[in-house]
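In this chain, numbering begins with 1 at the start of the sequence shown. Since this is a predicted model, take the numbers as computed values, not measurements. The basis for the numbers below is simple: all heavy atoms, side chains too, and nothing from hydrogens, waters or symmetry mates.
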Amino acid sequence: MDTAVLIDGAFLRKKFHAAYKKNLEVENIKIFSEKVLEVFDIKKTDLHRFYFYDCDPCAAKSSLPITNHAFLFEKTQQYAYGKRLLSELKKMDNFAVREGKLSFCGWKLKKSSYNKTPLTDDDFEPELHQKGVDIKIGLDLAWISYNHVADKIIFVTGDSDFVPAIKTARRNGVFVYFLTLNHIVKTELTENCDIWKKESIKDFDCGN
């Protein structure tokens with residue numbers, strides 16, 4: 001039976017960084033993805049493909065909130081990291097990268113600076129919103145199930161908004177497995193899957 005593994009990239013990056021205090025790299029994703037199959041007792045030969053959903057880094061131009069100096073996201077280390085990560089991942093065997101857009105919505109005050117005066121540019125951080133990722137995940141869930149691309153779907157996420165798409169996949173005969181990485185999720189999410197695992201990211205030993 002073919003198995004498609006759908007990975008919410010932003011969710012995985014946040015969990016990884018919180019656990020290991022460093023950026024997620026391609027080798028970490030490779031190790032994690034292969035161990036996901038082991039957790040659900042699925043052989044590598046039964047893999048259809050790994051799908052990784054994330055946003056292309058923001059390339060907006062802005063100005064800093066206090067000094068009004070020009071600010072280019074393309075010049076930041078985070079931009080270079082994001083570009084490199086997705087570029088390297090696209091070259092990996094059995095991986096498909098689905099990209100959304102990351103939009104800049106302005107500057108927001110850091111929590112650590114709420115009571116600080118005077119404020120400087122360093123007291124603010126960009127507010128970035130994902131666009132298009134959830135739609136791509138939902139469409140792939142429907143496409144896989146309607147076209148019988150895979151018999152099983154392993155979905156790595158902490159987002160409960162995909163319940164309608166999951167219900168559709170199950171009605172089409174697909175077995176849906178969830179991995180939430182010990183993230184607190186709505187009961188509705190766990191009620192609408194066949195098997196639910198909540199192992200922590202550190203249980204996958206992928207941070208070396």
Side-chain angles (χ1 to χ4, degrees), residues 1-19 24 28-29 32-42 46-58 82 85-86 89-90 94-103 105 127-201 203-204 206:
M1 296 176 69
D2 282 344
T3 302
V5 182
L6 280 59
I7 301 173
D8 183 340
F11 174 69
L12 181 62
R13 283 190 288 104
K14 288 178 182 178
K15 285 293 185 180
F16 185 89
H17 193 275
L24 180 72
N28 307 127
I29 297 173
F32 172 80
S33 301
E34 292 177 350
K35 290 189 176 182
V36 165
L37 295 176
E38 295 177 10
V39 164
F40 289 98
D41 296 321
I42 293 174
D46 291 333
L47 173 69
H48 163 63
R49 186 174 293 131
F50 296 111
Y51 293 88
F52 192 87
Y53 301 84
D54 209 346
C55 284
D56 198 40
C58 179
L85 180 71
L86 294 183
L89 193 58
K90 290 174 183 177
N94 302 316
F95 272 88
V97 177
R98 299 280 198 262
E99 295 176 75
K101 296 294 182 181
L102 201 58
S103 62
C105 302
E127 187 170 1
L128 303 172
H129 291 171
Q130 284 190 353
K131 291 186 177 180
V133 173
D134 288 0
I135 292 175
K136 290 179 184 292
I137 292 175
L139 288 174
D140 278 350
L141 285 166
W143 170 73
I144 289 169
S145 63
Y146 276 116
N147 292 283
H148 307 290
V149 174
D151 304 294
K152 297 178 181 178
I153 291 175
I154 299 174
F155 193 10
V156 182
T157 188
D159 193 335
S160 303
D161 292 338
F162 299 106
V163 170
I166 294 302
K167 288 182 177 180
T168 297
R170 294 182 78 198
R171 281 196 294 267
N172 287 330
V174 176
F175 290 89
V176 179
Y177 304 154
F178 271 114
L179 177 61
T180 55
L181 298 179
N182 212 24
H183 191 77
I184 298 175
V185 296
K186 294 179 181 179
T187 303
E188 188 180 12
L189 186 67
T190 59
E191 289 177 344
N192 284 280
C193 64
D194 293 289
I195 296 179
W196 170 40
K197 299 280 188 179
K198 56 181 181 178
E199 276 82 350
S200 165
I201 185 71
D203 293 326
F204 292 83
C206 58

(message) Tell me whether the rings of Tyr177 and Phe40 are parallel (<30°), tilted (30 to 60°) or perpendicular (>60°).
(response) parallel
Minimum heavy-atom distance between [X] and [Y], given as atom pair plus value:
| X | Y | value |
| --- | --- | --- |
| Gly158 | Val185 | O-CG1, 3.6 Å |
| Ile154 | Val36 | CG2-CG1, 3.6 Å |
| Ala150 | Ala4 | CB-N, 3.9 Å |
| Ser33 | Ile7 | OG-CD1, 3.4 Å |
| Thr190 | Cys193 | O-SG, 3.2 Å |

Examine distances only and state if a side-chain atom of [X] and a backbone atom of [Y] form a donor-acceptor pair shorter than 3.5 Å.
| X | Y | answer |
| --- | --- | --- |
| Asp203 | Ser200 | yes |
| Lys35 | Phe204 | yes |
| Asp194 | Val176 | yes |

### Query
Looking only at side chains, do Asp134 and Tyr53 share a donor and an acceptor under 3.5 Å apart?
no
Indicate whether any N or O donor in one side chain lies under 3.5 Å from an N or O acceptor in the other, for Ser145 and Asn172. yes
Side chains of [X] and [Y] in contact at under 4.5 Å (non-hydrogen atoms):
| X | Y | result |
| --- | --- | --- |
| Leu86 | Asp54 | yes |
| Leu179 | Lys198 | no |
| Asp151 | Val174 | no |
| Val156 | Phe32 | yes |
| Ile201 | Cys206 | yes |
| Asp46 | Asp2 | no |

Between Phe178 and the options Phe155, Phe11, Trp196, Phe162, the ring pair (Phe, Tyr, Trp, His ring centres under 6.0 Å) test singles out Phe155
Residues passing the salt bridge (charged side-chain N to carboxylate O under 4.0 Å, His left out) test with Lys131, sequence neighbours excluded, are none
message = Does Lys186, at its NZ atom, have more than 12 non-hydrogen atoms belonging to other residues, nucleotides or ligands within less than 6.0 Å?
response = no
Sorted by chain and residue number, the side chain to side chain contact (heavy atoms under 4.5 Å, CB included) partners of His17 (sequence neighbours excluded) come out as Asn23
One should read off an interatomic distance between Arg13 CZ and Asn28 CG, to the nearest 0.5 angstrom, of 13.0 Å
Ion pair present between Lys90 and Glu99, side-chain N to carboxylate O less than 4.0 angstrom?
-> yes
